[in-house]
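Contents: one structure, followed by commentary.
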Amino acid sequence: MSQLANKIIIIGGSFNPVHLGHLKLLALACQQEKAAEILLLPAAVSPFKLNADFSFAAYRRCMLEAALNDVTDLTIPLACLSTAERRLINKMKEDGKIKICDLDLQSLPPSYTINTLRKLQKQYPHAKLIMMGGSDLLPSLGEWHEPEKLAEIADFLLVTRPGYGQTDSAGGGEKKFNFKIKTLIADMPDVSSAALRRQLENLPLLPPYNITALTPAVYNGITLQQAAYRDLSNYLTPATIAYIAQQRLYQQPDWRLYLSGAEQKLFGEILLYLGQHLNWQRYTHCLNVMNMAAALTLALEKSGYDFKTAKSWENLNLIALRQNLKNPFAAVNVNSSANVVVGAAKLSIFVRQALITGLFHDACKYEKLTDYPELAATLSKADLACTQMQHGPIAAYVLQQKFACQDELVLNALYYHTTLRPQATWLDKVVYIADKLEFGRRYSDVPLLRQSLNSGYDETIKKILRKCISINRNKRAFCHPLSQAALDDLQNNK
């Protein structure tokens with residue numbers, strides 16, 4: 001086959017969430033003549049959605065993988081996709097012709113399609129680039145960034161979508177900029193990502209973001225016969241539903257709305273750093289720890305904890321804490337239909353410290369201490385011997401040096417997040433708990449450990465420390481003495 005005849009079909013979108021309409025587009029792309037490769041391109045942050053609801057890149061990337069796995073498993077029934085279509089997708093996937101393209105996710109936002117296409121043009125110099133999407137894209141094409149260049153680089157294949165006619169105008173852009181547009185008539189499912197998000201905010205599988213609810217650790221066994229899941233299964237694959245439930249997606253605030261301009265910039269830079277240094281699973285773990293650390297801090301705050309003096313920890317009102325752990329985001333807007341900037345004044349400095357620390361805690365998980373000789377020279381013999389904890393000191397060092405963070409509370413919480421330490425601060429404790437008990441964790445005893453938070457955070461930390469020390473001893477692995485010292489300190493301060 002001549003290289004000049006190759007078509008690279010690009011299906012872009014937020015995939016927020018990934019639904020059967022996206023998968024139907026993929027099936028139609030596989031049927032296109034001379035399709036050499038099909039690229040699924042999750043967007044970073046669309047220029048048109050800077051203040052709209054979104055899920056972080058890592059969540060959407062992992063959802064996309066989960067949905068693809070379901071499509072190619074013919075034992076799983078899926079609406080709107082025939083067996084022949086699914087077999088074709090499976091064949092092209094096995095042949096390496098279907099790929100998830102991370103170019104947008106690893107670029108600084110906002111993500112403009114033209115910039116991504118230029119990169120793809122260099123990657124595939126002899127191929128024809130085809131942008132494929134629903135016909136609802138047509139009215140806005142002329143408003144995209146550098147539309148005249150966009151029209152030069154790519155052709156468009158737009159599939160009729162319910163509610164959007166074939167002849168809808170691109171605001172005159174298709175003629176003004178000479179877009180090459182082909183319309184494909186197909187029986188597409190009538191599904192809206194925005195409507196699905198509204199439905200998923202109150203997923204009946206579990207209560208709203210309730211930290212101590214005794215719910216299963218793994219959701220792969222969802223009973224789709226329940227009415228709510230029969231409805232969802234018309235639009236989402238089982239693995240997508242399970243992933244959303246497991247990670248508590250669409251039940252967390254959009255924290256960007258609560259950050260100052262400088263904090264939003266730092267937040268975005270950290271997200272980019274995570275995308276460049278971590279795999280997607282570890283990236284989602286960082287997001288989950290961020291959300292739980294913020295939730296634990298909000299629950300403390302609403303229960304009357306004195307963060308400045310830290311003298312009221314042992315006298316904390318446990319009745320109030322139990323209640324607040326059931327709905328820690330009650331004072332924060334989780335409804336993703338909100339499209340307004342709230343501002344940093346609405347969120348305490350303590351919650352914002354928890355957000356940044358939780359998000360960055362594992363950012364340097366795969367970096368080597370040998371790359372930071374000046375840091376290595378400051379570590380103790382125990383630190384050097386305990387390789388599994390070294391990413392904590394590295395993270396503190398990088399956040400200080402690369403991101404100019406001078407907050408000692410944050411830097412120390414990062415440093416000690418794997419071991420804890422005697423006289424631990426509230427932030428040390430919150431991040432330590434969140435790291436071990438975030439909703440992506442699948443260990444069998446995690447739900448019970450979350451329930452123990454009702455007796456106070458220190459009680460839960462003692463249980464976690466005992467378990468971690470015991471596991472290390474049973475494995476004959478080196479256990480950092482700080483963990484035992486932290487446990488002794490908590491036990492001596494009942």
Q) Side chains of Asp435 and His285: do they bring a donor and an acceptor to under 3.5 Å? A) yes
Q. Using 4.0 Å as the upper bound for N to carboxylate O, is an ion pair formed by Glu459 and Lys463?
A. no
**Q.** ring-ring contact (aromatic ring centres under 6.0 Å, His included) partners of residues 21-44, not counting sequence neighbours, each pair once
**A.** Phe15-His22, His19-His22
**Q.** Straight-line distance of Thr357 OG1 to Leu414 CG, nearest 0.5 Å
**A.** 5.5 Å
Q | Closest non-hydrogen atom pair, Cys62 against Gln281 | A | SG-NE2, 4.0 Å
Only distances under 3.5 Å count here; give the side-chain donor-acceptor pairs of residues 71-89 to other protein atoms, sequence neighbours excluded, each with its distance to 0.1 Å.
| unit_1 | atom_1 | unit_2 | atom_2 | d |
| --- | --- | --- | --- | --- |
| Thr72 | OG1 | Leu68 | O | 3.2 |
| Thr72 | OG1 | Asn69 | O | 3.2 |
| Asp73 | OD1 | Thr75 | N | 3.1 |
| Asp73 | OD1 | Thr75 | OG1 | 2.6 |
| Asp73 | OD2 | Thr75 | OG1 | 3.4 |
| Ser82 | OG | Glu85 | N | 3.1 |
| Ser82 | OG | Glu85 | OE1 | 3.4 |
| Glu85 | OE1 | Lys24 | NZ | 3.2 |
| Glu85 | OE1 | Ser82 | N | 3.0 |
| Glu85 | OE2 | Lys24 | NZ | 3.0 |
| Glu85 | OE2 | Gln31 | NE2 | 3.4 |
| Arg86 | NE | Val71 | O | 2.9 |
| Arg86 | NH1 | Ile76 | O | 2.7 |
| Arg86 | NH2 | Asp70 | O | 3.0 |
| Arg86 | NH2 | Val71 | O | 3.4 |
| Arg86 | NH2 | Asp73 | O | 2.6 |
| Arg86 | NH2 | Ile76 | O | 2.8 |

Q: Could you tell me which residues satisfy side chain to side chain contact (heavy atoms under 4.5 Å, CB included) with Asp95, sequence neighbours excluded, listed by chain and number?
A: Lys91, Lys97
Q: Kindly indicate whether the side chain of Leu157, heavy atoms from C-beta on, has any atom under 4.5 Å from the side chain of Leu184.
A: yes
Q. If you look at every heavy atom in Glu263 and Arg352, which pair is closest and at what distance?
A. OE2-NE, 2.6 Å
Identify all side-chain donor-acceptor contacts of residues 291-302 below 3.5 Å with residues at least two apart in sequence or on another chain.
| unit_1 | atom_1 | unit_2 | atom_2 | d |
| --- | --- | --- | --- | --- |
| Asn291 | OD1 | Trp255 | NE1 | 2.8 |
| Asn291 | ND2 | Gln252 | OE1 | 3.3 |
| Asn291 | ND2 | Leu287 | O | 3.2 |
| Thr297 | OG1 | Ala293 | O | 2.7 |
| Glu301 | OE2 | Ser348 | OG | 2.6 |
| Lys302 | NZ | Asn327 | O | 3.3 |
| Lys302 | NZ | Pro328 | O | 3.3 |

Q. Which class fits the ring pair Phe267 and Phe56: parallel under 30°, tilted 30 to 60°, perpendicular over 60°?
A. tilted
Q: Can you see which heavy atom on Leu103 is nearest to which on Lys119, and at what distance?
A: CD1-CB, 4.0 Å
Q | Within-4.5 Å side-chain heavy-atom neighbours: Asn210 and Leu325 | A | no
Q) Taking only residues two or more places apart in sequence, or in another chain, which ones meet Tyr432 in a ring-ring contact (aromatic ring centres under 6.0 Å, His included)? A) none
(Q) I'd like to know if the side chain of Ser135 pairs up with that of Thr160 as donor and acceptor (distance under 3.5 Å, no hydrogens or angles considered). (A) no
Q) With a 4.5 Å heavy-atom cut-off, do Tyr243 and Leu249 have their side chains touching? A) yes
Q) Does a side chain donor of either Tyr250 or Asn16 reach within less than 3.5 Å of an acceptor in the other side chain? A) yes
(Q) The criterion is ring-ring contact (aromatic ring centres under 6.0 Å, His included); which residues satisfy it with Tyr273, sequence neighbours excluded? (A) His277, Phe360, Phe403
Q. Are Lys182 and Asp155 within salt-bridge range, i.e. N to O under 4.0 Å?
A. no
Q. For Ala127 and Ile8, which heavy atoms make the closest approach, and how far apart are they?
A. CB-CG1, 3.5 Å
(Q) Donor-acceptor check, side chain of Ser452 to backbone of Leu449, threshold 3.5 angstrom: yes or no? (A) yes
Q: Flag the pair Leu259 / Lys265 as yes when at least one side-chain heavy-atom distance between them is below 4.5 Å, and no otherwise.
A: no
